[in-house]
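Report on the structure given below.
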Amino acid sequence: QKEVEQNSGPLSVPEGAIASLNCTYSDRGSQSFFWYRQYSGKSPELIMSIYSNGDKEDGRFTAQLNKASQYVSLLIRDSQPSDSATYLCAAIDGGTSYGKLTFGQGTILTVHP
Amino acid sequence: DTEVTQTPKHLVMGMTNKKSLKCEQHMGHRAMYWYKQKAKKPPELMFVYSYEKLSINESVPSRFSPECPNSSLLNLHLHALQPEDSALYLCASSQDRRAKNIQYFGAGTRLSVL
């Protein structure tokens with residue numbers, strides 16, 4: 001069974017700090033990786049997508065992908081209280097299940113003032 | 001514009017009722033999805049439609065019946081649901097089913113089955 005696992009939370013960081021979220025995946029055929037943010041009672045909102053090994057930066061967010069280690073991470077710099085949410089790591093494989101997003105269990109992030 | 005619109009936002013139904021959830025997008029996307037999310041769990045895929053044809057059914061019970069009348073609209077027909085079917089139902093769409101395409105989620109319908 002194809003799995004996506006995230007580092008256990010909850011994660012609590014002070015305002016202005018760097019929050020580091022990690023994710024591993026079991027399917028070597030996975031091609032695309034996404035980080036979604038979900039506020040309580042709301043739907044998932046895309047934060048980052050990454051498809052190639054290396055880093056991808058967008059504002060305060062940096063996603064890192066290492067396909068050899070089957071590892072994806074998300075760094076949030078200068079964390080703000082508004083970043084407090086559940087962060088979902090997701091992967092899509094390139095096999096017969098095109099279009100199927102497999103999510104990790106999520107990491108709850110709290111940024112305290 | 002990456003808007004996926006779901007109606008209704010909330011739905012309460014009895015176990016003998018028949019109801020429908022509606023999802024609409026006007027981004028020209030050709031793949032649409034239904035996910036179910038229970039409290040404190042990640043979304044779980046139910047169905048995938050690609051070019052208005054059902055391409056993935058994740059062994060969902062027949063009391064859930066999807067329908068894709070056209071490329072912009074996706075329905076989920078509900079009949080004889082159980083209390084354990086209470087959840088947030090999320091619709092998503094993407095350009096097509098290819099792996100690099102981002103799935104955009106609607107706000108969801110929160111369903112309570114009494």
Side-chain angles (χ1 to χ4, degrees), chain A residues 1-10 21 23 25 27-52 56 58 63 65 67 72 85-109, chain B residues 2-7 9-10 21 23 25 27 29-51 53-60 68 74 87-111:
Chain A
Q1 183 166 346
K2 298 169 184 176
E3 293 182 345
V4 174
E5 301 210 3
Q6 296 185 233
N7 55 323
S8 60
L21 306 165
C23 173
Y25 58 95
D27 180 20
R28 284 196 174 275
S30 294
Q31 294 186 8
S32 306
F33 305 88
F34 306 89
W35 284 98
Y36 285 86
R37 176 176 65 196
Q38 188 170 24
Y39 292 113
S40 181
K42 303 295 185 182
S43 64
E45 170 193 13
L46 182 76
I47 297 296
M48 293 285 283
S49 60
I50 187 164
Y51 311 110
S52 305
K56 179 181 178 183
D58 184 1
L65 174 60
K67 289 188 177 181
V72 191
T86 298
Y87 288 80
L88 295 162
C89 174
I92 291 184
D93 68 43
T96 57
S97 297
Y98 268 83
K100 178 178 177 178
L101 268 176
T102 299
F103 286 92
Q105 290 298 306
T107 299
I108 298 172
L109 171 66
Chain B
T2 56
E3 187 168 349
V4 177
T5 303
Q6 289 188 245
T7 54
K9 289 190 175 10
H10 301 276
L21 309 185
C23 174
Q25 56 86 15
M27 296 178 278
H29 288 176
R30 303 312 299 269
M32 296 185 77
Y33 311 80
W34 281 115
Y35 287 85
K36 173 182 178 179
Q37 187 175 25
K38 301 282 279 184
K40 300 190 188 304
K41 297 290 187 183
E44 292 182 350
L45 182 68
M46 300 173 73
F47 303 103
V48 180
Y49 272 82
S50 177
Y51 291 84
K53 288 188 173 16
L54 182 65
S55 55
I56 297 177
N57 177 342
E58 288 288 295
S59 303
V60 179
C68 189
L74 185 67
L88 180 66
Y89 288 84
L90 295 162
C91 174
S93 72
S94 64
Q95 187 174 345
D96 56 39
R97 280 179 60 198
R98 283 177 293 179
K100 286 197 173 184
N101 290 316
I102 293 166
Q103 293 185 26
Y104 296 96
F105 284 84
T109 294
R110 190 161 299 281
L111 174 67

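Within every chain, numbering begins at 1; the chains are lettered A, B, ... in the order of the sequence lines, protein sequences first and strands thereafter.
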*Select one option (side chain, backbone, both, neither) describing which atoms of A/Tyr36 are under 4.5 Å from chain B's heavy atoms.*
side chain
*side-chain hydrogen bond (donor to acceptor under 3.5 Å, both in side chains) with A/Gln6: which residues, sequence neighbours excluded?*
A/Thr107
*Where do B/Leu88 and A/Lys42 come nearest, in terms of heavy atoms and distance?*
CD2-O, 4.2 Å
*In Å, rounded to the nearest 0.5 Å, how long is the span from NZ of B/Lys40 to OG of A/Ser40?*
7.0 Å
*Measure across B/Pro42 and A/Gln105 and return the closest heavy-atom pair with its distance rounded to 0.1 Å.*
CD-OE1, 3.6 Å
_Are the side chains of A/Leu88 and B/Pro43 in contact, using a 4.5 Å heavy-atom criterion?_
yes
*Do you know the tightest heavy-atom contact between A/Ser43 and B/Ala107?*
OG-CA, 3.7 Å
*For A/Glu45, is it the side chain, the backbone, both, or neither that has a heavy atom closer than 4.5 Å to a heavy atom of chain B?*
neither
_A/Ile92 CD1 to B/Ser94 OG distance, which is reported to the nearest 0.5 Å_ = 7.0 Å
*A/Leu46 atom CG, over 12 foreign heavy atoms within 6.0 Å*: yes
*Any chance you could measure B/Glu44, atom CD, to A/Thr102, atom OG1, to the nearest 0.5 Å?*
10.5 Å
*At their closest point, which heavy atom of A/Phe34 faces which heavy atom of B/Asn101, and how far apart are they?*
CZ-O, 4.2 Å
*Closest heavy-atom contact between A/Pro44 and B/Phe105?*
O-CB, 3.6 Å
*Which bit of B/Gln37 comes within less than 4.5 Å of chain A, counting heavy atoms only: side chain, backbone, both or neither?*
side chain
*Considering residues at least two apart in sequence or located in another chain, which fulfil the side-chain hydrogen bond (donor to acceptor under 3.5 Å, both in side chains) criterion with B/Gln95?*
none
*OH/B/Tyr33 to CG/A/Leu101 distance, rounded to the nearest 0.5 angstrom?*
7.5 Å
